[in-house]
Structures are given as structure tokens and as C-alpha cells.
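These figures come from a predicted structure and were not determined experimentally. Reckoned from all heavy atoms, side chains included, excluding hydrogens, waters and symmetry mates.
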Amino acid sequence: MSPTHAAATRSTRPAPLRRISGAVLALVVVVVVALAVVVAVLPWAVGGKALTVLSGSMEPGLPVGSVAVVKPEPADRIAVGDVIEFVDRDQATGASRVVTHRVVQVQPGPAFVTKGDANATPDPHVVAAAAVGGVLWYHVPWVGGLRDRLVGPAGLVVLGGIVLLGAAVLLLRSSGLRDADR
């Protein structure tokens with residue numbers, strides 16, 4: 001078999017597989033970029049933030065592991081039924097946690113009585129307007145755990161490794177194609 005024939009056979013035989021793998025890779029890249037826009041860029045653009053849902057208090061509407069995206073809202077525009085993000089401070093220990101619950105009553109001030117959708121009773125403390133960080137804009141199910149892993153130090157190393165591996169594969173692939181053309 002001549003070198004030209006071998007190169008032609010090598011480049012034409014895997015073409016369908018190469019097209020399929022290229023399409024799958026392109027789809028993965030589009031999905032990753034879209035998710036990045038939805039959970040990072042859009043919240044930043046409106047002055048909001050993305051939070052990972054850690055408990056089942058808002059299920060089934062906000063499942064554990066979802067990313068809840070909140071945006072700022074003036075306190076006087078928050079109404080019963082809105083889902084708000086707020087800082088809840090434990091009076092005894094001083095510890096604080098971020099909570100995302102539904103407003104069930106608006107009091108003068110304004111202040112808010114909140115309750116998790118899956119909880120039987122309202123939260124024990126009234127939420128002052130100053131403690132509210134925003135109102136739920138939208139949520140993305142299932143990506144919170146992945147997001148939290150990727151934005152941590154270990155995740156950034158893994159993500160960097162994946163980018164370098166992808167670049168190496170592309171370089172080796174293009175190098176192989178040039179060698180096949182000779």
C-alpha cells in the first residue's frame with residue numbers, strides 16, 4: 001500500500017465518527033457556555049447572585065442542588081408569594097445563614113413572615129427589610145453541586161486540567177492531520 005493510499009484511507013474511514021464526536025463536543029461546549037451565562041453572567045449583570053439550594057425546605061419547587069438566582073428588589077415591592085433570600089442570624093450564637101423562603105405575610109416596616117414550602121410552620125423570626133438580599137428570579141435544577149465544586153480551589157484546578165487536556169487533544173489532532181497530508 002502506497003503512503004498516499006494509506007493516508008487517504010486513514011482520513012476517510014473515521015470521518016463519520018469524527019463528525020459525530022465534533023458535534024457532541026460542540027454541543028457540550030454550547031451547554032457549558034449557556035449554563036455559565038445563566039448561573040454567573042446574568043445574575044452579575046443585574047446585581048444579583050446565584051445560590052445553591054442546600055436543604056429541602058423549598059421542595060418541590062426548589063429542589064436540593066438547584067441554583068437559585070436572586071435579583072435585588074425594593075422591599076416595598078416584595079409581596080406575599082414572593083420567594084426571598086435573606087440572612088437569618090441566630091440570636092443565641094450570633095451565627096448567620098442564608099435562607100431562601102417564601103413570603104407568607106408582609107408586616108408594616110416592611111418586615112416579612114416567611115416559610116419554606118415544605119415546612120409545616122412559618123419561620124420563627126420576622127425578616128427585616130434590611131436582611132433581604134433579593135427576590136428569586138429563576139432557578140436551574142441539578143447544577144448547584146457541580147457549580148459549587150467548580151468554583152472552589154480544587155474545582156478550578158480540575159477545570160484548568162480539562163481545558164489543558166482539550167487543548168492538547170486539539171493540537172495532537174491537528175498535528176496528526178498535517179502528518180497524514182504529507
Assigning hydrophobic clusters by single linkage (Ile, Leu, Val, Met, Phe, Trp, Tyr; side-chain heavy-atom cutoff under 4.5 Å), is [X] placed with [Y]?
X: Val106; Y: Val126; result: no
X: Val104; Y: Ile78; result: no
X: Val46; Y: Tyr138; result: yes
X: Val67; Y: Trp137; result: yes
X: Val127; Y: Val99; result: yes

What are the two closest non-hydrogen atoms of [X] and [Y], and how far apart are they?
X: Val103; Y: Ala79; result: CB-O, 3.7 Å
X: Pro72; Y: Gly47; result: CG-O, 3.4 Å
X: Met58; Y: Thr100; result: CG-O, 3.1 Å
X: Ser96; Y: Val87; result: CB-CG1, 3.8 Å
X: Asp76; Y: Pro110; result: N-CG, 4.4 Å
X: Val64; Y: Gly56; result: CG2-N, 3.5 Å

Rounded to the nearest 0.5 Å, what separation is found between the [atom1] atom of [X] and the [atom2] atom of [Y]?
X: Arg77; Y: Asp82; atom1: CZ; atom2: CG; result: 10.0 Å
X: Phe86; Y: His125; atom1: CZ; atom2: NE2; result: 10.0 Å
X: Leu62; Y: Leu51; atom1: CG; atom2: CG; result: 10.5 Å
X: Arg102; Y: Asp117; atom1: CZ; atom2: CG; result: 4.0 Å
X: Asp123; Y: Asp88; atom1: CG; atom2: CG; result: 7.0 Å

Measure from the side-chain N and O atoms of [X] to the backbone N and O of [Y], and report whether any donor-acceptor pair falls under 3.5 Å.
X: His139; Y: Gly61; answer: yes
X: Gln105; Y: Phe112; answer: no
X: Ser66; Y: Ala68; answer: no

Counting C-beta onward and ignoring hydrogens, is there a side-chain heavy-atom pair between [X] and [Y] closer than 4.5 Å?
X: Leu42; Y: Val69; value: no
X: Leu136; Y: Lys71; value: no
X: Thr114; Y: Ile84; value: yes

**Message:** side-chain contact (heavy atoms from CB on, under 4.5 Å) for Lys49 and Glu85? Distances and angles first, verdict last.
**Reply:** CA-CA 10 Å; Lys49 54 188 156 186; Glu85 174 263 321; 3.0 Å; yes
**Message:** With side-chain contact (heavy atoms from CB on, under 4.5 Å) as the criterion, how do Leu27 and Val24 come out once you've worked through the C-alpha distance, each side chain's angles and the decisive distance to 0.1 Å?
**Reply:** CA-CA 5 Å; Leu27 180 63; Val24 168; 5.6 Å; no
